[in-house]
Structures are given as structure tokens and as C-alpha cells.
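First the structure, in the form of C-alpha cells, and then the observations on it.
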Amino acid sequence: TSKTKSRNMSLSSPPAFNFSVLPSNLIPGDANPPWMSKGDNAWQLVAATLVGLQSVPGLIILYGGAVKKKWAVNSAFMVLYAFACVLLCWVCWGYRMSFGEKLIPIWGKIDVALEQDYLFQKAFLGMFPNATMVFFQFVFAAITLVLIAGALLGRMNFYAWMLFVPLWLTFSYTFGAYTIWSSNGWLSVNGIIDYSGGYVIHLSSGVAGFTAAYWVGPRSTKDRERFPPNNILLMLAGAGLLWMGWSGFNGGDPYAANIDASLAVLNTHVAAATSLLTWLILDVIFFGKPSVIGAVQGMITGLVAITPAAGVIQGWAAIAVGLCSGSIPWFTMMVVHKKSELLQKVDDTMAVFHTHAVAGCLGGLLTGLFAHPRLCYLFYGYYNNYYGLFYGLHDGQAHKGLRQMGLQLLGILFIVVVNVVMTSLICLLVQLIVPLRMSEEDMEIGDEAAHGEEAYAIWGQGDRLEKSAGFSDTAAGAAKSSYNTSRSQVEMV
């Protein structure tokens with residue numbers, strides 16, 4: 001619950017100090033108020049940018065490379081649109097509904113986050129201004145919608161997606177963020193641990209993506225039967241940005257450049273590596289070949305599972321999380337999925353349910369098991385209020401550990417119910433305005449039908465560029481001439 005309770009030591013008012021003895025670059029001024037830490041502010045902006053890069057361009061190129069060639073543009077564009085749309089909605093109303101004044105115990109009041117008087121004030125946590133906090137929280141909200149898109153690739157009507165994004169941000173994401181992360185939120189006040197979004201981001205996106213996929217319906221039969229990546233190397237590049245960007249995802253949540261941030265970053269990468277290797281070993285044992293796509297799935301489940309726990313568990317526990325996240329989601333994806341009628345019926349293109357919903361649940365429960373009381377104290381500023389069951393049993397505080405596990409389970413139930421209900425209502429509403437899915441004819445064509453553009457124009461497809469929207473006659477002629485010359489050279493050879 002990094003966005004929740006105050007850390008008594010880090011947020012206490014500083015004693016009177018003679019600022020004239022400081023170096024000139026540290027003396028407070030109009031642009032550097034006494035309460036602001038330049039180091040913390042700098043790290044927070046860097047961390048936010050790292051998280052932003054996970055979406056743009058990280059998931060743009062991961063999705064673009066992981067789908068069929070005919071869906072590369074549409075898949076990438078869904079990410080780009082969501083990122084831009086969420087930002088505008090976030091500053092106009094989303095941020096204050098998620099972190100502002102309480103309206104009800106699970107929702108904040110609507111207000112803007114655009115005025116300089118507000119943006120220059122100290123954030124509700126940390127030693128930096130609201131402007132930094134608004135941006136940091138935005139990239140988390142944006143990637144949640146981007147992850148939902150992964151379940152809907154290859155058939156959702158883009159106009160329906162344009163409506164879905166602002167509606168889901170407003171009526172689903174803000175509930176989870178306020179309840180679990182806001183200082184006044186119901187589960188936050190009661191002591192749930194969600195260090196950096198295992199519930200608010202990953203469980204939410206997994207459940208919402210699966211629910212939306214149910215309402216949108218499956219891809220075409222041809223696409224469901226065979227949907228090979230059009231560029232695995234491009235997909236790996238996106239996966240690499242996703243992995244490295246997680247340093248900001250989890251390292252930014254202490255809201256300070258401190259030792260807990262360092263621990264969170266290290267635990268994040270240890271868990272991801274362990275999970276990747278575990279998934280890889282299982283693929284080799286049961287399928288006889290090491291799968292690149294499987295390794296990426298294992299990496300993602302490790303990153304998701306460690307997210308709610310990153311800064312409140314020890315290093316050995318991070319390895320345990322990685323072992324679990326590389327095996328349990330593998331089992332649900334490879335075994336349970338093939339035996340479940342519901343999972344077979346719902347077409348979740350990028351397996352978001354397994355990589356985010358299952359791994360998010362797993363991470364939340366393992367957090368309740370392994371959360372170390374001293375590390376929780378460093379993070380929250382309260383001692384003995386947060387207690388993993390493992391340490392509760394060891395220290396004779398079993399009741400605290402059991403209470404923590406109960407809260408972690410309650411958080412899962414809350415997020416699942418909110419997302420199933422609100423996502424269903426939003427899909428039904430959007431369906432009244434525009435179709436949720438593309439027509440069968442357009443799904444057969446893909447990007448060309450949806451946007452009049454295609455990802456790659458090679459060999460016999462080069463002349464199709466002439467028909468693309470906005471492609472000049474001169475450029476089309478040059479492309480066609482180049483194609484004909486290349487073809488002639490090949491024929492001569």
C-alpha cells in the first residue's frame with residue numbers, strides 16, 4: 001500500500017535550520033521549497049518515466065510483434081491511444097477520484113489536477129510536489145488499460161476501445177486505487193499490503209481483460225486456430241523494456257531514494273529471473289523444447305507476482321515467489337486451461353488472465369505469508385501493524401499473521417467483484433453505442449480494414465501502400481519502382 005499510510009520518520013516536519021550554511025544548489029527558493037527533496041523528486045520522475053516506457057514503446061512493440069502480421073498496427077495503436085487518453089482523463093478527474101478527498105470509503109471526489117496552486121503543493125506522501133505524484137500515478141493507470149488491451153487483440157472494434165478506456169478508468173480503476181492505495185481508502189486503512197500494484201493493476205487488468213474478452217467474443221476461427229507471432233525478436237525487445245522498466249515500477253513506490261527502494265529493485269529482478277528459469281525448465285521437461293514465448297510468459301508472471309511484495313520481503317522470499325510464479329501460472333495455462341470449458345470459451349489473446357490475474361492473486365497471498373515486520377516498518381513507518389503469517393507464527397503473533405492473510409484474501413475478492421461487475425456494465429453500455437467487435441469481413445483483413453495501414457509492405461504487397469490513407473502519389477511511385485527493381489534483380493539471379 002505504498003500510496004497509503006504516512007511514514008512517520010520520513011514525513012515529520014524538519015527542525016529549524018540555518019539554510020545559509022548549505023551549498024547554493026541546496027538553498028531553498030521559490031522553485032525549491034524547504035519540504036522538497038531534490039534527490040527523491042528526481043528519482044520519482046525517473047521511476048515514472050521508466051514505467052511509462054513499459055507501455056510506450058515497450059508494450060507497443062511487444063504486442064506488435066506477438067500477434068499476426070495483419071494485426072500488428074491495430075494492436076500497437078490500441079496501446080498508444082490508451083496511453084494518451086488515460087493521461088487527459090487522469091488530470092481532469094481520475095487522479096483526484098483515486099487519491100483525493102473521500103466521497104465514500106471506496107471512492108474519491110471528482111476534481112481536477114491542473115492548477116499550479118495544487119500541483120506545487122506537497123504530495124500526500126513523499127517529499128516532492130503533487131505534479132510529480134500525478135505523473136507517477138498516471139503511468140500506473142495507463143499500463144493497467146494497456147494490459148487489458150492484451151486480452152482483446154485481434155477483434156475489438158477500435159471505436160469501442162476508444163469509449164471503453166475512459167469509462168473503465170473512471171468507473172473501475174479509481175475504485176481499486178482509492179480503496180487500496182489512498183490514505184483514506186477502506187482496505188488501506190485496515191492494513192492490506194499491495195506494495196506496487198499486484199491488486200490495483202495486475203489483478204484488476206487480468207480480471208477486467210478476461211471479462212471484456214467474454215463480452216467482445218472470440219477472434220475469427222482461423223485466428224484462434226493459428227496465431228503465430230509476426231516478429232519474435234521485436235516481441236523480445238518489448239519484453240526487455242517491460243522487464244527493465246520494472247525497476248521504476250517497484251523501485252518508485254517508497255516515494256524516496258532510500259534503502260527500501262534498493263531492496264525492491266533487487267527483489268524484483270531476482271523473482272523475474274527465477275520465474276523465467278522455472279517456466280523454461282517446465283517447458284523443456286514436458287514439451288521437449290525451450291520456448292522463447294514461454295520464457296517471456298515466465299518473466300512476466302515473476303514480475304507480476306513480486307509487485308505486491310517487492311519491498312517488504314527478504315531476498316530468499318523473492319526466490320520463493322519466483323519459483324511459485326514460474327510454476328503455478330504455468331500449470332493453470334498449460335493444464336487447467338485445456339480442461340476448463342469457461343477458459344476455453346473466453347478468447348484471451350495474450351493470456352492476461354494467467355499472467356496477471358493468477359499471478360497477481362498468487363503475489364498477494366505470498367505477500368501475506370512472507371511480509372517481514374521490520375521491512376514493513378521501513379516502508380509504512382508503523383511497527384507491528386503489518387505482519388506476514390510466516391513471521392507471525394515464528395514470533396508468537398499468529399493472530400496478526402492470520403489477520404494479514406485475511407486482508408489479502410479480502411482484497412482479492414473486492415478487486416474481482418468490482419472488475420467483473422463494472423467491466424460488464426461498461427461493455428454493455430458501449431455495445432449500445434457501437435459494436436464491440438469488428439465485422440467478420442474486417443477481421444479477415446485486419447489492419448488494412450481497421451486503419452487503412454499495414455505494418456510491413458514487402459514483395460508482392462508493396463503496391464498496396466498506394467491505397468493506404470495519407471500515402472502520397474510520389475512516395476507510392478517510389479516504393480513501387482523500388483519493389484519492381486528489386487524483383488527484377490531477383491529474377492535475373
Side-chain angles (χ1 to χ4, degrees), residues 1-2 51 54 140 143-144 147 150 176 180 192-207 209-210 239 242-251 253 263-282 294-334 336 350-372 375 379 388-390 404-405 407-409 411-412 415-416:
T1 331
S2 61
V51 179
Q54 291 182 294
F140 283 87
I143 200 171
T144 309
L147 293 172
I180 292 178
I192 192 172
I193 301 175
D194 186 11
Y195 186 89
S196 195
Y199 290 140
V200 178
I201 297 170
H202 299 297
L203 180 56
S204 291
S205 61
V207 173
F210 188 80
L242 196 65
W243 188 348
M244 292 302 103
W246 230 283
S247 290
F249 201 108
N250 289 344
D253 272 287
L263 177 67
V265 170
L266 182 60
N267 281 345
T268 296
H269 295 293
V270 167
T274 305
S275 184
L276 184 155
L277 296 174
T278 303
W279 195 293
L280 185 63
I281 291 169
L282 290 171
V296 171
Q297 300 281 37
M299 176 205 81
I300 292 173
T301 56
L303 292 167
V304 170
I306 194 63
T307 292
V312 296
I313 64 173
Q314 298 193 68
W316 65 264
I319 293 177
V321 169
L323 289 170
C324 293
S325 63
S327 56
I328 294 175
W330 182 93
F331 180 77
T332 64
M333 187 183 297
M334 302 300 177
V336 177
M350 298 296 291
V352 174
F353 176 80
H354 300 285
T355 57
H356 293 273
V358 173
C361 283
L362 179 64
L365 295 176
L366 291 175
T367 302
L369 183 64
F370 293 131
H372 193 289
L375 296 176
F379 184 57
L389 180 59
F390 180 87
Q404 192 66 61
M405 288 297 294
L407 283 169
Q408 302 303 110
L409 285 167
I412 292 172
I415 290 294
V416 169

**Message:** Taking side-chain hydrogen bond (donor to acceptor under 3.5 Å, both in side chains) as the definition, give me every residue that meets it alongside Gln404, ordered by chain and number, with sequence neighbours left out.
**Reply:** Gln408
**Asked** Thr301 and Pro329: which non-hydrogen atoms are nearest, and at how many Å?
**Response** CG2-CB, 3.8 Å
**Request:** Just do the ring pair (Phe, Tyr, Trp, His ring centres under 6.0 Å) check on Phe390 and Trp316 with the steps written out, would you?
**Result:** CA-CA 13 Å; Phe390 180 87; Trp316 65 264; 5.7 Å; yes
**Message:** Could you tell me if the side chain of Met333 sits less than 4.5 Å from the side chain of Trp279, heavy atoms only?
**Reply:** yes
**Request:** Mind checking side-chain contact (heavy atoms from CB on, under 4.5 Å) for Leu277 and listing every partner two or more places apart, or none if nothing turns up?
**Result:** none
**Asked** Mind checking whether Ile415 and Ile180 have side chains closer than 4.5 Å, heavy atoms only?
**Response** yes
**Message:** Val270: which residues meet the side-chain contact (heavy atoms from CB on, under 4.5 Å) condition with it, sequence neighbours left out?
**Reply:** Leu266, Thr274, Ala318, Ile319
**Asked** What pairs with Thr144 under side-chain hydrogen bond (donor to acceptor under 3.5 Å, both in side chains), at least two apart in sequence or on another chain?
**Response** none
**Request:** Take Val352 and Phe210 through the side chain to side chain contact (heavy atoms under 4.5 Å, CB included) test and state the conclusion after the steps.
**Result:** CA-CA 7 Å; Val352 174; Phe210 188 80; over 6 Å; no
**Item:** side-chain hydrogen bond (donor to acceptor under 3.5 Å, both in side chains) partners of Thr278, counting only residues at least two apart
**Value:** none
**Request:** Give every residue pair that meets the side-chain hydrogen bond (donor to acceptor under 3.5 Å, both in side chains) criterion with at least one member in residues 318-332, sequence neighbours excluded.
**Result:** Ser275-Ser325, Asp283-Trp330, Thr332-His354
**Prompt:** Which residue pairs pass the ring pair (Phe, Tyr, Trp, His ring centres under 6.0 Å) test when at least one of the two sits in residues 294-313, sequence neighbours left out?
**Reply:** none
**Message:** Are the side chains of Leu366 and Cys324 in contact, using a 4.5 Å heavy-atom criterion?
**Reply:** yes
**Set of residues satisfying side-chain contact (heavy atoms from CB on, under 4.5 Å) with respect to Leu263, sequence neighbours excluded** = Asp260, Asn267, Leu375
**Message:** His269: which residues meet the side-chain hydrogen bond (donor to acceptor under 3.5 Å, both in side chains) condition with it, sequence neighbours left out?
**Reply:** Trp243, Ser247
**Item:** Spacing of Ile143 atom CD1 and Gln54 atom CD [to the nearest 0.5 Å]
**Value:** 4.5 Å
**Message:** Which heavy atom of Val265 sits nearest to which heavy atom of Gly251, and what is that distance?
**Reply:** CG2-CA, 3.7 Å
**Message:** Among Ile313, Thr307, Val312, Ile306, which residue satisfies the side-chain contact (heavy atoms from CB on, under 4.5 Å) criterion with Tyr195?
**Reply:** Val312
**Message:** I need the minimum non-hydrogen distance between Ala310 and Thr268, along with the two atoms involved.
**Reply:** CB-OG1, 3.9 Å
**Prompt:** Who pairs with Ile281 by side-chain contact (heavy atoms from CB on, under 4.5 Å), at least two apart in sequence or on another chain?
**Reply:** Ile285
**Request:** Report the residues that fulfil ring-ring contact (aromatic ring centres under 6.0 Å, His included) with His202, sequence neighbours left out, ordered by chain and then residue number.
**Result:** Trp246, Phe249, His356
**Prompt:** Where do Ala371 and Ile193 come nearest, in terms of heavy atoms and distance?
**Reply:** CB-CD1, 3.8 Å
**Message:** Restricting to non-hydrogen atoms, name the atom on Ala359 and the atom on Thr355 that form the minimum distance, rounded to 0.1 Å.
**Reply:** CB-O, 3.2 Å
**Message:** For the backbone of Ser196 and the side chain of Asn250, can you confirm whether one donor and one acceptor N or O come within less than 3.5 Å of each other?
**Reply:** no
**Item:** Gln297 CD to Leu280 CG distance, which is reported to the nearest 0.5 Å
**Value:** 13.0 Å
**Item:** Heavy-atom pair with the smallest gap, counting every atom of Cys361 and Ile412
**Value:** SG-CG2, 3.7 Å
